[in-house]
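In what follows, a structure is listed as C-alpha cells, so that the remarks can point back to it.
Values in this document were obtained by computation on a predicted structure and should not be read as measured data. Within every chain, numbering begins at 1; the chains are lettered A, B, ... in the order of the sequence lines, protein sequences first and strands thereafter.
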Amino acid sequence: MAATARSALLKYLRVPVKPSLPSNPLPFTLLLRRFSEEVRGSFLDKSEVTDRVVSVVKNFQKVEPSKVTPNAHFQNDLGLDSLDTVEIVMALEEEFGFEIPDNEADKISSIDLAVDFIASHPQAK
Amino acid sequence: MASASAAAAAPSKPEVLTLFRSLLRTAREFCDYNVREYVRRRTIDGFRHNKDLADPSAISAAFSDGKSQLEVAKRQAVVYSLYAPEVKSVMELKR
C-alpha cells in the first residue's frame with residue numbers, strides 16, 4: 001500500500017532529465033581567450049612608417065631637409081654623429097609611442113633600418 | 001685615489017651613449033615642461049661640450065659626473081612629480 005502510494009507520488013514529482021549541454025557546442029576557437037587589440041598591437045603600413053620617419057628626420061634641426069631620402073644613412077649621408085643618432089631614435093620613440101630597447105636602438109643607423117624595425121614592431125602606433 | 005681608479009677605466013663609446021640615452025629618457029619623465037626641456041637641453045649641451053675630450057682621466061671624470069647627474073635627475077623627477085604644475089605650459093599645446 002505504502003509502496004504504490006510512493007511510486008504514484010514519485011511518478012508525479014519526477015522531472016524528465018535532459019542533457020544540460022547544447023547538442024552543438026560553440027566551436028572551440030570562439031571560446032579561446034583573446035588579447036585585446038591594444039595589448040596585441042598591430043603592424044603599421046610600411047609606406048606610412050617611411051613617411052613619418054622621414055618627416056621626423058627632416059624636422060631634426062641639424063639635418064638639411066633636402067638631403068633626407070628613404071634610404072639615407074644618418075652618419076654617412078646626413079652628416080650626423082653618434083649623439084645625433086641617439087637623439088633621432090629618441091624622437092622616433094616619441095613619434096611612434098613605444099620604447100626602443102638600447103640594443104635595438106644601437107643598430108638603427110639609417111632611415112631604412114629604422115623603418116624596418118618600426119614596421120615589424122607590433123606596439124608602434 | 002678616486003681619480004686613479006677612474007682613470008683606470010675610461011668608458012667605452014657604447015657606455016657613453018647609454019648614459020646619454022638614459023639621461024634623455026629621464027628628462028622625458030619630468031612633468032613640468034620647463035624642467036623637462038632644460039634637462040634635455042643640458043644633457044645634449046653637456047655631451048657636445050665634452051665630445052672632443054682626449055685625456056682618458058678627463059673622459060672618465062666627465063663620465064662619472066654624468067652618472068651622478070643621472071642619479072640627481074632621477075631623484076628630482078620623482079620630487080617634481082609630487083609638485084606637478086596644474087596647468088600645461090603654453091608650449092605644450094598642439095599647434
Side-chain angles (χ1 to χ4, degrees), chain A residues 44 48 51-65 67-68 72-118 121 123-125, chain B residues 10-54 56 58-67 69-71 73-74 77 81 88-89 91-95:
Chain A
L44 292 172
E48 182 203 333
D51 290 346
R52 284 166 67 189
V53 170
V54 166
S55 71
V56 166
V57 177
K58 277 184 179 167
N59 284 334
F60 193 69
Q61 54 182 0
K62 287 182 197 160
V63 170
E64 201 180 310
K67 282 191 189 167
V68 179
H73 190 277
F74 295 144
Q75 304 192 15
N76 300 342
D77 300 328
L78 302 177
L80 302 174
D81 62 14
S82 51
L83 294 176
D84 296 319
T85 307
V86 172
E87 277 184 63
I88 286 191
V89 173
M90 301 286 290
L92 291 174
E93 284 189 358
E94 275 165 35
E95 166 69 22
F96 290 94
F98 74 112
E99 194 152 306
I100 301 175
D102 283 7
N103 56 342
E104 298 292 341
D106 289 338
K107 291 181 207 149
I108 298 177
S109 57
S110 66
I111 292 186
D112 47 358
L113 286 174
V115 171
D116 285 346
F117 178 74
I118 292 168
H121 202 289
Q123 302 276 295
K125 41 187 171 287
Chain B
S12 64
K13 184 171 171 177
E15 283 177 309
V16 175
L17 290 181
T18 301
L19 176 66
F20 183 55
R21 195 176 284 121
S22 308
L23 276 160
L24 290 180
R25 282 196 200 288
T26 311
R28 289 205 296 219
E29 285 168 23
F30 284 92
C31 37
D32 185 329
Y33 171 85
N34 291 308
V35 185
R36 187 165 66 236
E37 288 302 309
Y38 168 72
V39 176
R40 199 182 103 82
R41 212 165 49 229
R42 177 70 186 85
T43 302
I44 294 169
D45 290 348
F47 276 78
R48 291 252 162 256
H49 178 73
N50 285 334
K51 76 180 166 69
D52 293 324
L53 285 185
I59 294 175
S60 44
F63 185 70
S64 56
D65 182 48
K67 277 204 292 196
Q69 290 298 309
L70 174 62
E71 295 307 313
K74 280 182 175 169
S81 74
K88 281 191 164 190
S89 162
M91 297 297 287
E92 291 173 278
L93 301 177
K94 290 256 183 282
R95 272 160 291 171

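- Contact annotation for B/Arg28: only side-chain heavy atoms (C-beta onward) come within less than 4.5 Å of a heavy atom of chain A.
- Taking every heavy atom of both residues into account, A/Asp102 and B/Arg25 meet most closely at OD1-NH2, 3.6 Å.
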Does the pair A/Glu87 and B/Thr43 meet the rule for a side chain to side chain contact (heavy atoms under 4.5 Å, CB included), with working shown?
CA-CA 11 Å; A/Glu87 277 184 63; B/Thr43 302; over 6 Å; no

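- Shown here is B/Lys51, whose NZ atom has no more than 12 heavy atoms of other residues, nucleotides or ligands within 6.0 Å.
- When heavy atoms are compared at a cutoff of 4.5 Å, A/Asn103 does not approach chain B at all.
- Here the CG-NZ distance, from A/Asp106 to B/Lys13, works out to 10.0 Å after rounding to the nearest 0.5 Å.
- Counting heavy atoms of neighbouring residues, nucleotides and ligands inside a 6.0 Å radius, atom NZ of A/Lys125 exceeds 12 of them.
- A salt bridge links A/Asp81 with B/Arg48: the distance from a Lys NZ or Arg NE/NH1/NH2 to an Asp or Glu carboxylate oxygen falls below 4.0 Å.
- When all heavy atoms are compared, the tightest approach of A/Val86 to B/Phe20 is CG1-CD2, 3.6 Å.
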